[in-house]
Amino acid sequence: MIYLDNAASAPVHPKALAAAMPFLTDNFANPSSAHSLGQAAALAIMTAREQCAAALGALPEEIFFTSGGTESDNLAIFSALRAMGGGKVVTTAIEHPAVLNACKAARHSVCSVSSEGIVSPRDIERLIDEDTALVSVMTANNEIGTLQPIAEIGAICREKGVLFHTDAVQAVGSTELDMSDLPVDMLSLSAHKIGGIKGAGLLYARRGTPLSAMLLGGGQERGIRSGTENVAAIAALGAAMTEISRDIPERVRKVSRLRDILMTELEKIPFSRINGSRTERLCGNVNVSFRDIDGEALVMSLDLMGVCCSTASACSSGKQKRSHVLEALGISGEWLDGTIRLTLSESNTESEITRVAAIIAECVERQRAAVIIAYPHNTPE
Ligand code: PLP
């Protein structure tokens with residue numbers, strides 16, 4: 001099997017698994033319990049908080065553990081808006097539904113993006129008015145991998161006195177994220193995208209950021225996120241953050257070389273196009289459309305050939321829904337349905353990548369030949 005669906009979920013790192021294991025076996029205690037077993041669980045959460053803070057250039061008290069990216073995004077948006085007594089949120093047309101749908105539940109403005117999938121800081125600035133309380137722009141897009149100018153957008157937000165949140169779920173490990181340097185007030189991330197376990201994530205919130213509790217209960221996570229902590233997944237997240245933040249430039253160099261080989265090979269297939277900027281792009285993302293191809297059927301054929309990938313995003317695949325991201329880029333209908341996303345990691349090899357390109361070419365050709373036999377007048381021009 002060749003796994004090219006790392007943006008959906010990445011393999012669990014052995015060190016993350018090792019960090020989780022004690023809390024799935026011998027130490028099942030509640031971290032709020034006063035006895036030694038409970039305190040050992042509490043210590044594991046403290047260690048994970050320190051590891052996550054160190055990896056992000058943040059303070060431990062700026063880390064709030066959650067159940068994942070979706071909860072972190074919702075917490076950032078609703079919690080900050082409520083703490084500030086309301087106001088408008090400015091976001092972009094290509095956000096993950098965890099941000100977009102949360103923003104749609106509040107007063108909001110949506111910023112369009114270029115045909116390359118990049119947000120213009122000036123366009124964001126134009127949308128900020130006296131009613132604006134918060135801006136939310138993702139660091140990297142989950143479908144097309146485009147990297148957004150968050151440092152510039154954050155600087156504009158500072159100048160205008162509005163909070164800035166970024167969803168960095170896809171960016172962690174592929175871009176340096178140093179909170180001591182970036183003008184970002186809140187940042188979301190998810191464990192299962194970076195070698196941790198599903199069911200954990202975090203919200204970084206800079207000291208002093210107004211937050212209001214969304215889950216009321218026993219007051220865990222300094223009252224902001226009540227509920228007994230997922231100790232095993234949090235311990236794994238701490239270990240995964242330490243691993244993923246090592247050697248980022250080396251990972252980017254290695255993976256982007258493979259990505260570029262794959263993009264070049266795929267572009268040789270007739271009636272194909274790569275979506276999103278080539279330069280401002282995550283090292284592991286390839287998003288490609290084949291004209292007049294059924295992307296769902298292509299993903300199924302690739303699966304039968306031993307290749308795991310997704311249509312636009314894992315979240316929208318299976319739902320037969322067109323990608324709001326590709327639509328925001330202005331990509332026309334005959335391309336939209338024939339889109340697949342291949343997301344690489346450093347464990348992929350060059351021989352896997354060239355093999356995948358050949359398999360995709362074969363599957364696309366087979367699907368087109370089947371259409372021509374069934375509908376002889378339906379050949380692409
Ligand atoms: N934000 C982005 C950019 C994502 O890619 C995802 C997951 O695909 C999420 C948020 C949601 O994260 P989770 O699956 O941890 O809820």
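Order of listing sets the numbers, starting from 1, for every ligand and every atom in it. Atoms considered below: every heavy atom in the structure, side chains included; atoms not considered: hydrogens, waters and symmetry mates. Bear in mind that the values here come from a model prediction, so they are computed numbers and not experimental data.
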Listed partners of Gln39 passing side chain to side chain contact (heavy atoms under 4.5 Å, CB included), at least two apart:
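Listed in chain order: Ala42.
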
Taking N or O atoms only and a 3.5 Å limit, does Gly69 qualify as a polar contact for ligand 1?
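Right, the criterion is met.
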
Has ligand 1 got any nitrogen or oxygen that is less than 3.5 angstrom from a nitrogen or oxygen of Glu71?
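No; the residue has no nitrogen or oxygen that sits under 3.5 Å from a nitrogen or oxygen of the ligand.
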
Region of Thr70 that comes within reach of ligand 1 [heavy atoms, distance under 4.0 Å]
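Near ligand 1, Thr70 shows its backbone as well as its side chain.
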
Residues in side chain to side chain donor-acceptor pair (under 3.5 Å) with Glu159, at least two apart?
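Side chain to side chain donor-acceptor pair (under 3.5 Å) list for Glu159, sorted by chain: empty.
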
Do the numbers put Arg49 on top of the ring of Phe65, so that NZ or CZ is under 6.0 Å from the six-membered ring centre and no more than 45° off the axis?
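Cation-pi check for Arg49 and Phe65: fails.
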
Those atoms of ligand 1 less than 4.0 Å from some heavy atom in [X]:
X      : answer
Asp73  : 1 (N), 10 (C)
Asn142 : 3 (C), 5 (O)
Ser190 : 13 (P), 15 (O)
Gly68  : 15 (O)

What closest approach, in Å, do Val169 and Gly69 show between heavy atoms, and which atom pair accounts for it?
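It is CG2-CA, 4.0 Å.
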
Please check if atom CZ in Arg355 has more than 12 non-hydrogen atoms from other residues, nucleotides or ligands closer than 6.0 Å.
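It does not: Arg355 CZ has 12 such atoms or fewer within range.
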
Closer than 4.0 angstrom: is that true for some heavy atom of His192 and an atom of ligand 1?
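His192: in contact with ligand 1 (<4.0 Å).
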
